[in-house]
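So the structure is just underneath, and the comments pick up after that.
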Amino acid sequence: MALLPILCYPDARLHTVAKAVPEVDSRIRQLAKDMLETMYEASGIGLAATQIDVHQRVIVADVSQEHDQPLVLINPELVWTSPGTHMNEEGCLSVPGIYDGVERFDAVHVRALDAQGASRVIEATGLLSVCIQHEMDHLLGKVFVEYLSPLKRNRIKTKMLKARREDAR
């Protein structure tokens, strides 16, 4: 397995819309394993392939305390959303150190392929529901800060660019 570099906002590649995975093969299974390792190493609960500059519809997640319930979703699609929503405090591995409120559906049902290529429907609530919705946004080229006001978004962008310049020194 390999740790993969995570793109940081405002990198334009984060706005690339991911393409469907035509076939779940050994390359995609290895990608999912590498993404899980990268996510765990970065202390995250979810990661979309877009965040590692692979523009295919693959997300991984694990919201368990023990990090022993990895979930791989290939070509995920929302098939049901709850009528209710709530505000959640979200962060993102591509926007390190930034947390803010985003409104999400209380529950979702997602149809996707697993790492073996089998179709399944995940019924998610709570943190898993939030995580899946957040990661699916990445596949559409959307970063959570885009839900925030233009003023907040610009402040975050400035902060991230400043941090990148300081890291380059």
Any donor and acceptor pair, going by atom type alone, linking the side chain of Thr81 with main-chain N or O of Phe105 inside 3.5 Å?
no
Got a second to check how far Ile59's CD1 is from Leu71's CG, nearest 0.5 Å?
7.0 Å
Let me confirm one number: the CE-CD distance from Met136 to Glu77, rounded to the nearest 0.5 Å.
7.5 Å
Can you sort out the partners of Glu103 under side chain to side chain contact (heavy atoms under 4.5 Å, CB included), two or more places apart, ordered by chain and number?
Thr85, Met87
What's the shortest heavy-atom distance between Thr50 and Ala18, and which atoms?
OG1-CB, 4.0 Å
Among all residues two or more places apart in sequence or in another chain, which pass the side-chain hydrogen bond (donor to acceptor under 3.5 Å, both in side chains) test with Asn75?
none
Under 3.5 Å, is there a donor on one side chain and an acceptor on the other for Arg13 and Gln51?
no
Restricting to side chain to side chain contact (heavy atoms under 4.5 Å, CB included), what partner residues turn up for Ala124, sequence neighbours left out?
Val108, Ile122, Leu128, Ser129, Ile132
Consider only side-chain heavy atoms of I, L, V, M, F, W and Y, link residues closer than 4.5 Å, and tell whether Val60 and Leu4 are in one cluster.
yes
Side chain to side chain contact (heavy atoms under 4.5 Å, CB included), that's the test. Do Asn88 and Val102 meet it? Break it down for me.
CA-CA 5 Å; Asn88 302 281; Val102 177; 5.6 Å; no
Rounded to the nearest 0.5 Å, how far does CZ of Phe144 lie from CD of Glu90?
7.0 Å
Nearest-0.5 Å distance, CG of residue Leu14 to NE2 of residue His55:
8.0 Å
N/O donor-acceptor pair under 3.5 Å between Asp106 side chain and Ser82 backbone:
no
Would you say that Lys33 contacts Gln30 through its side chain, given a criterion of any heavy-atom pair below 4.5 Å between the two side chains?
yes
List the atom of Ile6, the atom of Leu93, and the distance in Å for their closest heavy-atom pair.
CG2-O, 3.8 Å
What about Leu7 and Ile98, same hydrophobic cluster or not, with Ile/Leu/Val/Met/Phe/Trp/Tyr joined at side-chain heavy-atom distances under 4.5 Å?
yes
Determine the minimum heavy-atom distance between Cys131 and Gly46, stating which atoms define it.
SG-CA, 3.8 Å
Contacts of Tyr9 meeting ring-ring contact (aromatic ring centres under 6.0 Å, His included) (sequence neighbours excluded), chain-then-number -> none
So do Arg111 and Pro76 actually touch side chain to side chain, heavy atoms under 4.5 Å?
no
Is there any salt bridge (charged side-chain N to carboxylate O under 4.0 Å, His left out) pair reaching into residues 126-144, and which pairs are they, with sequence neighbours excluded?
Arg104-Asp137
Excluding sequence neighbours, so at least two apart, what forms side chain to side chain contact (heavy atoms under 4.5 Å, CB included) with Lys19?
none
Examine Leu113 and Val110 and state if one hydrophobic cluster contains both, with Ile, Leu, Val, Met, Phe, Trp and Tyr joined whenever side-chain heavy atoms are less than 4.5 Å apart.
no
Same cluster or not: Leu36 versus Ile28, using hydrophobic residues (I, L, V, M, F, W, Y) connected whenever any side-chain heavy atoms lie under 4.5 Å apart?
yes
For a side chain to side chain contact (heavy atoms under 4.5 Å, CB included) check, start with the C-alpha distance between Val95 and Val145, then their side-chain angles and the critical distance, and finish with the verdict.
CA-CA 8 Å; Val95 194; Val145 297; 4.1 Å; yes
Under 3.5 Å, is there a donor-acceptor pair between the side chain of His15 and the main chain of Gly141?
yes
Spacing of OG belonging to Ser94 relative to NE2 belonging to His138, to within rounding of 0.5 Å
5.0 Å
For residues Met160 and Pro96, report the shortest heavy-atom separation together with the two atoms involved.
CE-CD, 3.3 Å
Euclidean distance, Gln116 CD relative to Ile74 CD1, rounded to 0.5 Å:
8.5 Å
Close side-chain approach of Val58 to Leu73, heavy-atom, < 4.5 Å
no
By side-chain hydrogen bond (donor to acceptor under 3.5 Å, both in side chains) - contacts of Asp167 (at least two apart)
none
Residue pair Glu37 / Leu3, side-chain heavy-atom distance below 4.5 Å:
yes
If you draw a 6.0 Å radius around CZ in Arg29, do more than 12 non-hydrogen atoms from other residues or ligands fall strictly inside?
yes
Taking only residues at least two apart or on different chains, which pairs with a member in residues 38-49 satisfy side-chain hydrogen bond (donor to acceptor under 3.5 Å, both in side chains)?
Tyr40-Asp62
Under the 4.5 Å side-chain heavy-atom rule for ILVMFWY, direct or indirect, which residues accompany Val17?
none
Shared hydrophobic cluster, Leu139 / Val143 (ILVMFWY, side-chain heavy atoms < 4.5 Å)
no
Test: side-chain hydrogen bond (donor to acceptor under 3.5 Å, both in side chains). Region: residues 151-166. Which pairs qualify, not counting sequence neighbours?
Asp100-Lys152
Those residues at least two apart in sequence (or on a different chain) that pass side chain to side chain contact (heavy atoms under 4.5 Å, CB included) with Ala163 are none
Residue pairs meeting salt bridge (charged side-chain N to carboxylate O under 4.0 Å, His left out), one or both in residues 63-75, sequence neighbours left out, come to none
